[in-house]
Asks: 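For reference, the structure I am asking about is given below.
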Amino acid sequence: METPGLIVHGEAAPFSTALRSLVNNPLYSDVRFVVGQERQEVFAHRCLLACRCNFFQRLLGSEPGPGVPTPVVLSTVPAEAFLAVLEFLYTNSAKLHRHSVLEVLTAAVEYGLEELRELCLQFVMKMLDVELVCEALQIAVSFGLGPLQERCVAFIEAHSQETLRTRGFLELSAPALLLLLRSDKLCVDEAELVLAARSWARVGAAVLERPAAEVAAPVVRELRLALLAPAELSALEEQNRREPLIPVEQIVEAWKCHALRRGDAARGAPCRRRKGTLPREHHRFLDLPFK
């Protein structure tokens, strides 16, 4: 009776190095991509991509016809990120960089590369900082990446004031900003949060060419106007007349809380204090202290 065969393994490093030499190498290449807004030409090998990734198997399923094959255009993925994806497909490893890892993560999610996605997530969570966190949160919300979303929200809660000053904050989508405004743990006063929300709405209005009040509508209900002192609320009301952003009814509810000295009167404007809420004299009348 023949004995079972034994699988033996050679050195992994030379094998990986040899395959890495084929990344974006026209030698023996049988597929060309045109990637990114810069329309960079990238060479690859059809059989390797197809056997490693279902996305490319579907994309490259048909046999190329005679002559020079038509390039495959992938305009939404930057060239650097696409090359990192190819490196992973060829060698099962990739060099990640802080400035481009979120683009690699996006490509990994879109192409169904779960292992690369997890490697990117680990890298992002390790490298998370004030400049990176809002863009990471946006990707987490867009693709339903729960652990990354929780990590980003926790980071912003701890570094609220610095984060509100970043460009990434101004570029958040409404669902992403809504997550933050619902948090009790933001280390920022409500007056600063109102100003940040107004700046966010202005940017969104310019980009979307829509009124700021319309852009802000999904999120401003989460601003806790009853936390503002009467003088602050009066100034806000005056500014709101010049530059409408917050529904008048929401401001009225905040005034009602002041008039009745009862937190539960401000049903449309939560009065629960956040971690960073500065104390004001009227807060002693609120029914719901910060938890």
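In this text, all values refer to a predicted model and were calculated from it rather than measured experimentally.
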Asks: Indicate the atoms forming the closest heavy-atom contact of Val220 with Gln250, along with that distance.
Replies: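 Between these two residues, the closest heavy atoms are O-NE2, 2.8 Å.
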Asks: Would you say the side chains of Ser142 and Gln138 form a donor-acceptor pair under 3.5 Å?
Replies: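 Indeed, the side chains of Ser142 and Gln138 share at least one donor-acceptor pair under 3.5 Å.
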Asks: Which atom names give the shortest non-hydrogen contact between Phe33 and Ala44, and what distance separates them?
Replies: CE1-CB, 3.8 Å
Asks: Under 3.5 Å, side chain of Arg280 to main-chain N/O of Leu228, donor-acceptor pair present?
Replies: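 Side chain of Arg280 to backbone of Leu228: no pair is present.
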Asks: Grab the two heavy atoms, one from Gln57 and one from Ala50, that are nearest each other, plus how far apart they are.
Replies: CB-O, 3.5 Å
Asks: Please list all pairs passing the side chain to side chain donor-acceptor pair (under 3.5 Å) test where one or both residues lie in residues 94-105, with sequence neighbours left out.
Replies: Glu80-His99, Glu80-Ser100, Arg98-Asp129
Asks: Is there a side chain to side chain donor-acceptor pair (under 3.5 Å) between Glu190 and Thr277? Walk through the geometry before answering.
Replies: CA-CA 6 Å; Glu190 206 66 22; Thr277 301; 4.8 Å; no
Asks: Are Glu237 and Trp255 close enough, and set up right, to give a side chain to side chain donor-acceptor pair (under 3.5 Å), and what steps lead you there?
Replies: CA-CA 10 Å; Glu237 193 170 24; Trp255 278 121; 3.2 Å; yes
Asks: Kindly give the heavy-atom pair with the smallest separation between Phe82 and Val42, and that separation in Å.
Replies: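 Between these two residues, the closest heavy atoms are CE2-CG1, 4.0 Å.
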Asks: Can any side-chain N or O of His283 pair as donor or acceptor with the backbone N or O of Leu227 at less than 3.5 Å?
Replies: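 Looks like yes, one N/O pair under 3.5 Å.
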Asks: So, for Leu172 and Ala176, which heavy atoms are closest and what is the spacing to 0.1 Å?
Replies: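 Residues Leu172 and Ala176, closest heavy atoms: CD2-CB, 3.9 Å.
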Asks: Would you say Ser16's side chain and Ala13's backbone share a donor-acceptor pair under 3.5 angstrom?
Replies: no
Asks: Tell me whether the count of non-hydrogen atoms from other residues, nucleotides or ligands lying under 6.0 Å of CD in Glu238 goes above 12.
Replies: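 For Glu238, atom CD is crowded (more than 12 foreign heavy atoms under 6.0 Å).
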Asks: Which class fits the ring pair His45 and Tyr90: parallel under 30°, tilted 30 to 60°, perpendicular over 60°?
Replies: perpendicular
Asks: Can you establish whether the number of heavy atoms outside Glu11 located under 6.0 Å from its atom CD is more than 12?
Replies: no
Asks: Verify, without hydrogens or angle tests, whether Arg117 (side chain) and Val109 (backbone) share a donor-acceptor contact under 3.5 angstrom.
Replies: no
Asks: How close do Phe155 and Leu128 get, heavy atom to heavy atom, and via which atoms?
Replies: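 The answer is CE1-O, 3.8 Å.
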Asks: Report the C-alpha separation of Leu83 and Val35 in whole Å, then their side-chain angles, then the decisive distance to 0.1 Å, and conclude whether the side chain to side chain contact (heavy atoms under 4.5 Å, CB included) test is met.
Replies: CA-CA 10 Å; Leu83 288 170; Val35 299; over 6 Å; no
Asks: Heavy-atom count check: over 12 atoms from other residues, nucleotides or ligands less than 6.0 Å from Arg241 CZ?
Replies: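 Yes, CZ of Arg241 has more than 12 neighbouring heavy atoms, counting only those of other groups under 6.0 Å.
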Asks: If you round to the nearest 0.5 Å, how far is CD1 of Ile156 from SG of Cys134?
Replies: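 Cys134 SG to Ile156 CD1: 4.5 Å, rounded to 0.5 Å.
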Asks: When you measure from the side chain of Arg46 to the backbone of Leu60, do you find a donor-acceptor pair of N or O atoms at a distance under 3.5 Å?
Replies: yes
Asks: How many angstroms lie between CZ in Phe88 and CG in Leu119, if you round to the nearest 0.5 Å?
Replies: 6.0 Å
Asks: Is the shortest heavy-atom distance from the side chain of Leu102 to the side chain of Leu132 under 4.5 Å?
Replies: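 Contact flag for Leu102/Leu132 side chains = yes.
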Asks: On the six-membered ring of Phe15, is Arg20 placed so that its NZ or CZ lies under 6.0 angstrom from the centre and within 45° of the ring axis?
Replies: no
Asks: Under 4.0 Å between a Lys/Arg side-chain N and an Asp/Glu carboxylate O for Lys275 and Asp184?
Replies: no
Asks: Might you work through the salt bridge (Lys or Arg N to Asp or Glu O under 4.0 Å) test for Glu162 and Arg165, ending with a clear yes or no?
Replies: CA-CA 6 Å; Glu162 303 96 313; Arg165 301 188 188 105; 5.5 Å; no
Asks: Should Phe169 and Val203 be regarded as members of a common hydrophobic cluster, given that ILVMFWY residues are connected when their side-chain heavy atoms come within less than 4.5 Å of each other, either directly or indirectly?
Replies: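 Hydrophobic grouping puts Phe169 with Val203.
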Asks: So, Asn240 side chain and Leu236 main chain: donor-acceptor pair closer than 3.5 Å or not?
Replies: no
Asks: Would you indicate whether the side-chain heavy atoms of Leu170 and Ser199 approach each other to under 4.5 Å?
Replies: yes
Asks: Does any part of the side chain of Arg198, heavy atoms only, come nearer than 4.5 Å to the side chain of Glu243, both counted from C-beta?
Replies: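 Of all side-chain heavy-atom pairs linking Arg198 with Glu243, at least one is under 4.5 Å.
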